[in-house]
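Please read the structure below before turning to the comments.
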Protein chains: 2
Amino acid sequence: MTTVLVVDDEPQILRALQINLHAHGYTVVPAPNGTTALAAAQTQAIDVVVLDLGLPDMDGLDVIAGLRGWTEVPIIVLSARHGSHDKVEALDAGADDYVTKPFGLDELLARLRAATRRSGTQTAEPRVETAEFTVDLANKQVFRHGEAVRMTPTEWSVLELLVRNPGRLVSQQQILTEVWGPAYAKETHYLRVYMAQLRRKLENDPANPAHLLTEAGMGYRFAP
Amino acid sequence: MTTVLVVDDEPQILRALQINLHAHGYTVVPAPNGTTALAAAQTQAIDVVVLDLGLPDMDGLDVIAGLRGWTEVPIIVLSARHGSHDKVEALDAGADDYVTKPFGLDELLARLRAATRRSGTQTAEPRVETAEFTVDLANKQVFRHGEAVRMTPTEWSVLELLVRNPGRLVSQQQILTEVWGPAYAKETHYLRVYMAQLRRKLENDPANPAHLLTEAGMGYRFAP
DNA sequence: GGCAATCTTGACGGCTTCCTGACAGCGCGC
DNA sequence: GCGCGCTGTCAGGAAGCCGTCAAGATTGCC
């Protein structure tokens, strides 16, 4: 099943795309603005993004840049602007395709197929493994030495964010804003508690973690 | 150097594309029809194909199919037909993109860049390398002779600033204001301490640095 | 209401990071 | 040689950060 993140600020278009894409077998994750779109991309497995450039809260180009900062997921831009300058900007920012409104649903579907066909070969597996534990992103399950490990919602959110950025340093701020919300960006104590719990559940030697690493003053890192 | 196979039956368009693409740094392999196009793709290393659907000898869709039989090279279709049916057919046949005539050269170039970015340089990460160490900007990680080197937040900030300006002289003031804040622009002592630490961690001979150079009285320079 | 699971909050010890001061070395002009 | 300005080196202590444990809140469920 292919999951499409659809970003559009007009509710009726969002709804229409949602219905039509769903009817063609896609799982749709709707987002009415850039902020929720970026948040959704971090926490869910997205196969392709359909992005309307005209958003209320931030520039569409910044959404592209935000996504391209850490993921190669195909991005198809929708826009009412026909100017070549706009197309060039979006494509150079990292978009894969640019479709001008009005567009036929057939065409969008074909471009979706083209985009997923390309990335499909290099399939990002929804499963991350280490020597000690396995994280099944799709099913939200964690195994350690073959045995299922129970996670609380918060534990899972933190773990998922780290595992979705393997090898990448994730700042405390980023974890806190993604998991608890922007108002909690300073509550670093939460993180210490939950990192300790995750390590106790997943690491062989919680005091000397092999995969859930802390970089003092910088953030945390998941080492596969 | 990126090589583009341009397939078009109209000599003047073919010639125009050839000149313009060449002017933008591409190597162009021209082909006036489908047969020579397929032959050329077999005998030369092609990075991306620009294909006009209206060919004299065979259907453009068959050219796409012929290429897709053995290669994943990106194909950008040019066509005078605006109908969504044509687009769907071409895309589903294996094309990566579909541009309708008339089109701006800027747009075609942007789509070329998008296509080659996807396929060709998937290893092109924001990484800066020297003979002795590698700085991974995206993951905020530094390797020296293959081994990860831990950086403190301040060390990383200084290093990142220098590495993001390779070969360029960065004044002490600039580093101090960027890393510590404008109020610290005079605290050059901080810099000496941290440059020493960076060199101790990264240089083979910290006393005779090869990459983190001092320009007396001016600032510092990163030499790749 | 009672219970269990989960999330917050507090306290404390240990460790990392940062700042700071003292001193040595180098290049330059006189 | 000598002073001067700039730079590199080292080490210690203060401040802040991190891990740990355990005791309240809060929530959802029976």
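Lettering follows sequence order; numbering is per chain, from 1. Keep in mind that what you see is a predicted model, and the values were worked out from it rather than measured.
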Taking [X] for its side chain and [Y] for its backbone only, find out whether a donor-acceptor pair lies under 3.5 Å.
X	Y	result
B:Glu132	B:Asn204	yes
A:Arg168	B:Lys140	no
A:Arg221	A:Leu212	no

For [X] and [N], what is the distance between atoms [atom1] and [atom2] respectively, to the nearest whole Å?
X	N	atom1	atom2	result
B:Arg200	D:dG8	CZ	C1'	10 Å
A:Met195	D:dC21	CE	C1'	18 Å
B:Trp156	C:dC18	CH2	P	14 Å
A:Tyr190	D:dA25	OH	P	14 Å
A:Leu198	C:dT6	CG	C1'	14 Å
A:Leu213	D:dC17	CG	C1'	17 Å
B:Met218	C:dG27	CE	C1'	16 Å
B:Lys186	C:dC19	NZ	P	18 Å

request  = Take B:His189 and B:Tyr194, find for each the nucleotide of DNA chain C with the closest heavy atom, and name the residue whose nucleotide sits nearer the 5' end.
outcome  = B:Tyr194
Which residue lies more 5' along DNA chain D, comparing B:Gln197 with B:Gln172 via nearest heavy atoms = B:Gln172
query = Between A:Trp180 and A:Tyr194, is the gap from one ring center to the other below 6.0 Å?
reply = yes
message = Please confirm whether the ring centroid of B:Phe133 lies under 6.0 Å from the ring centroid of B:His211.
response = yes
With a 4.0 Å cut-off on heavy atoms, is [X] in touch with a base, just the backbone sugar-phosphate, or nothing at all?
X	result
A:Thr214	sugar-phosphate
A:Trp180	sugar-phosphate
A:Arg150	sugar-phosphate
A:Tyr220	sugar-phosphate

According to a strict under-4.0 Å criterion, is [X] in side-chain N/O contact with OP1 or OP2 of [N]?
X	N	answer
B:Thr152	C:dC18	yes
B:Tyr184	C:dC19	no
A:Arg192	D:dC18	yes

query = In terms of side-chain heavy atoms of A:Ala216, which of C:dT17, D:dT9, C:dC7 is nearest?
reply = C:dT17
